[in-house]
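Residue numbering restarts at 1 for every chain, and letters A, B, ... go by the order of the sequence lines.
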Protein chains: 2
Amino acid sequence: MPSAESPIAAVTHAIPPAARRSKAQTRISNETHLLACAEAVFAERGFEGASTALIAQRAGLPKANLHYYFPTKLALYRRLLEDIFSEWHTAANSFDIADDPVVAIGGYVRAKMALSQRRPLASKVWASEIIQGAEHMQDILVGQVKPWMDTRVRVINNWIAQGKLAPLQPQALLYMIWAVTQHYADFDAQIHALSGKRSMSKKAYEAATEQVVELIIRGCGARSQAGPP
Amino acid sequence: MPSAESPIAAVTHAIPPAARRSKAQTRISNETHLLACAEAVFAERGFEGASTALIAQRAGLPKANLHYYFPTKLALYRRLLEDIFSEWHTAANSFDIADDPVVAIGGYVRAKMALSQRRPLASKVWASEIIQGAEHMQDILVGQVKPWMDTRVRVINNWIAQGKLAPLQPQALLYMIWAVTQHYADFDAQIHALSGKRSMSKKAYEAATEQVVELIIRGCGARSQAGPP
DNA sequence: GTCTATAGACGGATAGAC
DNA sequence: GTCTATCCGTCTATAGAC
């Protein structure tokens, strides 16, 4: 919030710097805490199903405080979506267009699987938003995700032309990567019910990651050396 | 509703058979119509976010009529989940355990893609329910989906032992099939935003289906003849 | 079976004391 | 910045006339 801090500082210049920092830190800490609780509640109930009262209760704050930091439920939700996208974007950059397909695709799949394991609730919020029509995410999808995708589509087509990848629609490959990696976060309740275990152990998750990498790399026929077999 | 019809018939035996059939048909027609509208609203807003008022409004009925046919919102939701599962089960049977892996897996993937195209809202309701914890689906997952999965896990392991499939965890393959095929229903809003088109044409959907079949068949290394290369 | 009216709880958001 | 009290709308579900 640097853009909001400067006008406030201009008005309250009599307050010692230490107190100003402390107040700013309180704000950041409360906002961060509310965003974390909101992530859980929006994941569990979707946008319309979530209530600000429940988010505030989880955060241990009165509902009015939530509305002090975020004027509306939608503003809180939007901030959360932007925060989730920023991590999506970090993982997306591990799809290095300079690399060989095996390295680029394998690295991206591993990064997505790690993100699903580390922050499954964020994946669920994203999935719910898209399932429910993505009306609060059009700008992110069109302005951020689509440009990223367009560059990768070009790279994949080059790999195919060089014989490093089987002939395929690049979009179908990217959708497969997203669908499979996010499945381990979004559908964890189903995985648990079908496996009979409460949650995947660290080892089981590593094994699943290798399975996914193998299935996808083999599926798209990726190889590091040029030329068909 | 045959189990509900017999006691009613015993009490109303004075009414001509034609009128009895007509009333029964009215009930079935209203229930079916309400279920279809409920499917759309639950898909758009999730269980907690959906309101019986909106479902009734879409159905062109007063809210009280909805509660006449389905005593509670949860009862309506449960009926819908069971109906959705019955179509899931029909598609699941196209994974024929007597077939070669290419035929069985290819046929199952095509059936799942066709279901995603024909009834995307049902897929979204299922996905939302699982994302939100699957608390209303534990019996279906454990009692119906798990037994189906167990039989297929055994068949897949046999194919691997016969060299008809690459060595892999059967569960990872099944999760991939579900994740990718359902992605085309659940994430249609994202696909539309990224492709710039309002909806996938019939031809585009057929092409996507073939892409998914190829990626998955190649990914699991399925071949009809026994023995490794 | 259908519908209007309403009970009673809970939703988002705000006023105003501290 | 924090919190209590409250506005007003919508929620699920039901009562009871037709």
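- Of the residues in residues 47-69 of chain B, those placing a heavy atom less than 4.0 Å from an atom of DNA chain D are B:Ala50, B:Ser51, B:Thr52, B:Ala53, B:Lys63, B:Ala64, B:His67, in numerical order.
- For B:Trp126 and B:Trp178, the distance between ring centers is not under 6.0 angstrom.
- In terms of the side-chain hydrogen bond (donor to acceptor under 3.5 Å, both in side chains) criterion, A:Gln211 has no residue partners (sequence neighbours excluded).
- Residues satisfying the side-chain contact (heavy atoms from CB on, under 4.5 Å) test with A:Tyr205, not counting sequence neighbours, are A:Met113, A:Ser116, A:Gln117, A:Tyr184, A:Met200, A:Thr209.
- With sequence neighbours excluded, the residues satisfying side-chain contact (heavy atoms from CB on, under 4.5 Å) with B:Lys197 are B:Ser195.
- Residue A:Tyr77 contributes atom OH, which lies 17 Å from atom C1' of C:dG12 at whole-angstrom precision.
- Atoms CD (B:Glu31) and P (C:dT2) sit 11 Å apart, rounded to a whole Å.
- Checked against side-chain contact (heavy atoms from CB on, under 4.5 Å), A:Glu82 has the following partners two or more places apart in sequence or in another chain: A:Arg78, A:Arg79, A:Ile140.
- Residues of residues 34-44 of chain B having a heavy atom closer than 4.0 Å to DNA chain C: none are found.
- Partners of A:Tyr77 according to the ring pair (Phe, Tyr, Trp, His ring centres under 6.0 Å) rule, which considers only residues two or more places apart in sequence or in another chain, are A:Phe42, A:Phe47, A:His136.
- The separation between A:Phe70 atom CZ and C:dT14 atom P is 15 Å, rounded to whole Å.
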Identify each donor-acceptor pair in which a side-chain atom of residues 57-66 of chain A lies under 3.5 Å from a protein atom, sequence neighbours left out, and give them as a table.
from	atom 1	to	atom 2	distance (Å)
A:Arg58	NH1	A:Glu44	OE2	3.4
A:Arg58	NH2	A:Glu44	OE1	2.8

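- Among residues two or more places apart in sequence or in another chain, the side-chain contact (heavy atoms from CB on, under 4.5 Å) test is passed with A:Thr72 by A:Leu74, A:Ala75.
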